[in-house]
Amino acid sequence: MAADETSIKVSAAARDRLARLAAERGTTIRSLAEELAQNTPTQAEYAERAELARAELASALGSAPSPEAEAKARALLERLCGAASPGPRAAA
């Protein structure tokens, strides 16, 4: 194992599921895990994106959306994308 590598212990069931997911994508568990780590924003990154979006909207519209408007937009996105959509659940 190279100096910049490590191992992660998961249950056999999780390992098997990761193997199936990786096989369906034509990749390896390692690549699947690395892709998840690289492409999934942290809560802080979601909050930063939300703030940038508010600033952009305020610049374009002259005011930022209200908390009620944000809640309606979040509910719509959750309905469209499914309940498993990532990101913070409360207004950031």
Side-chain angles (χ1 to χ4, degrees):
M1 192 178 304
D4 68 337
E5 294 180 344
T6 190
S7 62
I8 300 171
K9 290 188 177 200
V10 297
S11 67
R15 180 208 55 220
D16 293 345
R17 180 160 177 85
L18 288 168
R20 282 192 307 275
L21 292 168
E24 287 176 0
R25 291 171 172 81
T27 190
T28 64
I29 293 175
R30 176 188 180 132
S31 293
L32 188 68
E34 289 182 356
E35 179 182 335
L36 175 68
Q38 291 298 317
N39 297 330
T40 304
T42 64
Q43 293 297 311
E45 290 166 336
Y46 275 119
E48 182 181 350
R49 289 177 182 185
E51 191 54 43
L52 289 171
R54 282 185 203 96
E56 188 67 27
L57 285 169
S59 174
L61 302 175
S63 65
S66 68
E68 294 81 15
E70 285 189 39
K72 286 181 181 179
R74 181 169 282 115
L76 174 61
L77 286 173
E78 286 178 358
R79 281 196 313 272
L80 294 173
C81 299
S85 63
R89 295 294 182 223

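All figures in this text were calculated on a predicted structure; none of them were measured in a lab.
Within a 6.0 Å sphere centred on CD of Glu5, other residues, nucleotides and ligands contribute more than 12 heavy atoms. Within a 6.0 Å sphere centred on CD1 of Ile8, heavy atoms belonging to other residues, nucleotides or ligands number 12 at most.
Annotation for Pro41 and Asn39: closest pair CD-O, 3.4 Å, computed over non-hydrogen atoms. Taking each heavy atom of Ala22 and Thr28 in turn, the nearest pair found is CB-C, 3.5 Å.
One N or O on the side chain of Glu45 and one on the backbone of Thr42 form a donor-acceptor pair closer than 3.5 Å.
Arg17 pairs by the side-chain hydrogen bond (donor to acceptor under 3.5 Å, both in side chains) definition with nothing, not counting sequence neighbours. Judged as a side chain to side chain contact (heavy atoms under 4.5 Å, CB included), and not counting sequence neighbours, the contacts of Ser11 are Ala13, Ala14.
Of the inter-residue distances, the one linking Leu21 atom CG with Ile29 atom CD1 reads 9.0 Å to the nearest 0.5 angstrom. Interatomic distance, CD of Glu35 versus CZ of Arg30, reported as 14.0 Å (0.5 Å rounding).
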Side-chain atoms of residues 55-68: list all donor-acceptor pairs with protein atoms under 3.5 Å, sequence neighbours left out, distances to 0.1 Å.
from, atom 1, to, atom 2, distance (Å)
Ser66, OG, Glu68, N, 3.4
Ser66, OG, Glu68, OE1, 3.3
Ser66, OG, Ala69, N, 3.0

